[in-house]
Amino acid sequence: MVHLYYKTSTSKQLSDTVDAFESCEFIDISNTKSLKYDEIYLVEIDKIEKALLLHIKNLLASKTESLIYFFINDSHNLMLFQLASMLNVKSIITPKHDTSKIISNIKTELLKNKNAQIQNSIAKSIIKDQCFMLFDSNGLKFASNKLYDEFKCTDLEMVKSRICLELDLAALLKEDISQQKSFNFTGSTQAYNIRSSTSSYNDNKFIYIENISQDAMQLSSGVNFIKNRIYFIEILKEKILETSISKSLFSIITIQIENMSNLRLYWSEYEIEMSIRDLLLQVEIEIDSSTLLAQYDNNLYLTLFEGLDFESTKQKASTIQAKISTYTSKQKIKPIIGLYAFDINALELNTVLKTISDIARESISIKDIEAQKLYRVIDISNELDDARAIDILLQATFTNKTPIKLLNIYKGLCINTSSNIMKKTDQEVYVTYEQLQGTVMNFEKETVIQSSSFTKDIIADVKYIDSKRRLALLKNFRFVQGSANGRRYSRVTCSQRTPISIVHQKGTLSGEVLDISMNSIAIKTRLYPNIDSLKMMQVSLKFTLPVTSSEEGYLKLTLTAEVIFTMCDEEFCKVVVNLDEDQVHEAILMEYVYDRQKEIIVELKKQSTMLN
């Protein structure tokens with residue numbers, strides 16, 4: 001836990017909160033440029049100033065996975081709420097809050113975070129398509145369904161008699177090891193890889209059994225420079241051992257044919273094989289003679305590089321991708337190639353092989369490996385349709401753990417919050433969301449996904465929202481044409497119908513306000529045949545706004561503006577105007593927009609409470 005304050009700390013409420021925990025580090029942020037990671041940050045904000053809020057933002061921008069709480073005095077403003085939303089702050093606490101409830105809530109949230117980490121770790125081990133057994137201090141307690149199927153067992157007693165007696169169980173349970181041996185488990189002798197792994201959270205042992213006999217029979221792909229899977233694994237074992245006793249650098253680039261099933265619908269096996277062979281010859285041009293190229297699976301090829309750090313490996317992967325794209329663009333048969341750059345330094349052999357296996361099955365998980373070790377190379381060819389291009393973008397964003405943002409416009413107010421892709425299937429993705437965003441998504445049943453790695457924003461339908469885990473299931477992805485949020489200033493809709501008159505050179509056009517900002521107004525009007533003649537014209541606007549600071553509770557406004565956009569359909573026209581700068585009523589509009597934003601946020605929070 002860390003208590004952050006600016007120059008002096010005066011909050012007794014925060015001091016009492018800290019005393020309820022075992023340890024806390026106190027940091028004056030006035031001369032602090034960076035913070036180390038911690039589970040909880042308690043931020044004391046005595047006076048709300050723009051420079052201070054920006055400083056807090058810079059310090060905590062990378063800590064949004066931690067629990068952050070703001071302790072403030074009774075005053076607050078929109079900037080504070082915006083910062084709290086940006087940093088995923090758990091709560092803004094004022095002196096009116098009950099300190100005992102604050103402490104209880106923090107402890108509850110901390111426990112949730114730790115439980116989630118434990119569940120994620122267990123989930124990584126419980127993999128449906130692997131043969132494994134689980135042992136605790138009392139012996140065998142569980143076997144996977146695939147192990148039962150693979151070795152024709154019906155219960156744990158049969159597993160003990162048929163499988164455990166064949167293994168060097170004492171050695172496997174004593175330490176984490178990997179062995180390759182031949183056993184007669186099922187009536188014929190076959191080669192297996194046996195490996196044991198200790199749980200990160202208790203002393204339970206996982207023992208995995210992998211059949212590798214079929215790999216020994218695998219042939220090279222008809223090209224003499226391509227090795228087979230067993231040869232690759234043997235060399236990989238040597239290289240990983242070498243890194244443990246020297247400073248050698250090793251990395252892998254995976255090359256996967258992702259549309260093989262579609263290719264087989266239109267081309268013969270011979271034609272496909274020849275096409276893949278010629279494509280791999282293009283890869284050979286980009287690697288030197290000492291670089292190992294091997295076929296690891298039916299549709300997966302691996303290159304093992306020596307002497308390249310991770311950044312150089314990513315650059316090499318991009319070069320290979322560009323070479324492949326240039327080549328396939330001129331061919332009749334067009335394989336779609338997916339590449340990963342994989343830094344294997346400081347990783348165990350089993351971790352490397354599991355990650356490669358997950359790539360082969362296209363089941364890479366965000367929990368599997370850190371982003372600094374694995375990187376998906378993006379190549380969006382002009383020949384790809386939107387669906388395939390979007391799938392590649394989402395997969396790369398998921399694998400590279402690139403943060404995203406979700407965008408919705410609610411009553412003119414832009415709700416744009418941070419998110420992450422937690423799981424991806426062929427047709428759907430699971431994303432995290434913040435509370436207000438979830439409320440709006442639940443109303444609108446769609447959202448826009450934004451990311452620095454996207455060529456365009458992507459709109460998606462919201463299929464399901466899990467309010468307890470703050471997860472949303474998205475489907476039906478398509479590109480947004482243009483910018484999803486080209487707004488320069490925050491806009492809001494009016495709380496009630498607001499009539500407005502547009503006075504121009506040829507007369508007056510009546511309508512109502514659609515939305516309003518400090519600098520522009522969108523107006524809905526009756527059909528007007530000469531609507532296009534208003535473009536770029538100076539007009540006068542006359543309307544009434546509710547303003548709480550005025551004696552009457554409203555003000556009649558007359559503003560000058562320039563028409564910048566007009567559009568009509570069969571029922572009405574839409575006119576957008578930019579307001580002239582430096583008008584005396586600018587402060588009134590600012591106050592109205594700010595108050596209306598607060599009303600909308602309060603409305604959303606009430607809806608969020610009802611939904612949750």
Side-chain angles (χ1 to χ4, degrees), residues 407-416 440 443-446 448 456-457 459 478-548 550 552-597 599-600 603:
L407 169 67
N408 290 85
I409 307 297
Y410 180 76
K411 295 191 175 182
L413 183 64
C414 177
I415 310 296
N416 193 198
V440 180
F443 289 150
E444 298 187 347
K445 303 304 180 186
E446 67 178 24
V448 173
K456 298 178 185 177
D457 292 340
I459 191 169
R478 59 268 189 207
F479 283 123
V480 174
Q481 300 306 315
S483 173
N485 182 25
R487 298 168 178 228
R488 188 177 174 189
Y489 302 99
S490 296
R491 298 180 184 178
V492 292
T493 58
C494 297
S495 56
Q496 58 191 22
R497 183 178 180 276
T498 304
I500 187 169
S501 297
I502 306 174
V503 182
H504 55 95
Q505 295 173 358
K506 298 180 181 180
T508 300
L509 189 60
S510 298
E512 60 183 80
V513 174
L514 290 174
D515 58 49
I516 187 169
S517 76
M518 290 169 46
N519 297 78
S520 67
I521 300 177
I523 303 164
K524 174 183 175 181
T525 76
R526 60 179 171 82
L527 289 175
Y528 181 59
N530 298 322
I531 195 75
D532 289 340
S533 65
L534 297 182
K535 285 183 181 177
M536 311 309 293
M537 182 183 291
Q538 288 291 122
V539 297
S540 177
L541 306 176
K542 296 182 179 182
F543 60 106
T544 300
L545 274 184
V547 178
T548 55
S550 67
E552 295 83 2
Y554 65 90
L555 283 175
K556 293 182 178 181
L557 302 178
T558 300
L559 306 178
T560 57
E562 179 185 14
V563 177
I564 61 170
F565 175 82
T566 61
M567 180 187 72
C568 295
D569 59 20
E570 295 178 355
E571 298 180 359
F572 62 88
C573 293
K574 179 179 179 181
V575 178
V576 179
V577 301
N578 268 355
L579 303 176
D580 291 351
E581 295 182 359
D582 302 324
Q583 298 188 71
V584 294
H585 296 303
E586 184 176 302
I588 295 172
L589 291 177
M590 184 185 301
E591 179 184 348
Y592 176 78
V593 171
Y594 174 60
D595 287 343
R596 181 67 182 130
Q597 285 177 330
E599 289 176 2
I600 295 172
E603 177 185 328

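All residue numbers refer to positions in the sequence shown, counting from 1.
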N408 side chain to E446 backbone, donor-acceptor under 3.5 Å: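 Side chain of N408 to backbone of E446: a pair is present.
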Sequence-distant partners of F543, ring pair (Phe, Tyr, Trp, His ring centres under 6.0 Å), two or more places apart: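 Once residues adjacent in sequence are excluded, F543 has no partner under the ring pair (Phe, Tyr, Trp, His ring centres under 6.0 Å) criterion.
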How far apart are the closest heavy atoms of [X] and [Y], and which atoms are they?
X: V492; Y: Q597; value: CG1-CG, 3.6 Å
X: D580; Y: Q538; value: OD2-NE2, 3.3 Å
X: H504; Y: Y528; value: CE1-OH, 3.5 Å
X: T498; Y: T544; value: CG2-O, 3.5 Å
X: S517; Y: L589; value: O-CD1, 4.3 Å

Close side-chain approach of [X] to [Y], heavy-atom, < 4.5 Å:
X: L534; Y: L509; value: yes
X: L557; Y: L541; value: no
X: R596; Y: C494; value: no
X: L514; Y: T493; value: no
X: V503; Y: T508; value: yes

Euclidean distance, [Y] [atom2] relative to [X] [atom1], rounded to 0.5 Å:
X: D515; Y: S520; atom1: CG; atom2: OG; result: 7.0 Å
X: K506; Y: M537; atom1: NZ; atom2: CE; result: 6.5 Å
X: S540; Y: L559; atom1: OG; atom2: CG; result: 7.5 Å
X: I415; Y: E444; atom1: CD1; atom2: CD; result: 9.5 Å
X: D595; Y: I600; atom1: CG; atom2: CD1; result: 11.0 Å
X: I516; Y: L545; atom1: CD1; atom2: CG; result: 5.0 Å

Option from K524, K574, R497 for which salt bridge (Lys or Arg N to Asp or Glu O under 4.0 Å) with E512 holds: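 Of the listed options, the one satisfying the test is R497.
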E552 atom CD: more than 12 heavy-atom contacts under 6.0 Å: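 Atom CD in E552 is packed in, count exceeds 12.
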Given the rule in the side-chain contact (heavy atoms from CB on, under 4.5 Å) test, do L407 and N416 qualify, once you have shown the distances and angles that lead to the verdict? CA-CA 4 Å; L407 169 67; N416 193 198; 3.8 Å; yes
Could you tabulate the donor-acceptor pairs under 3.5 Å formed by side-chain atoms of residues 565-572, not counting sequence neighbours?
unit_1, atom_1, unit_2, atom_2, d
T566, OG1, D532, OD1, 3.1
D569, OD1, E571, N, 2.8
D569, OD1, F572, N, 2.9

Give the intermediate values and the outcome of side-chain contact (heavy atoms from CB on, under 4.5 Å) for residues I502 and V577. CA-CA 10 Å; I502 306 174; V577 301; 5.6 Å; no
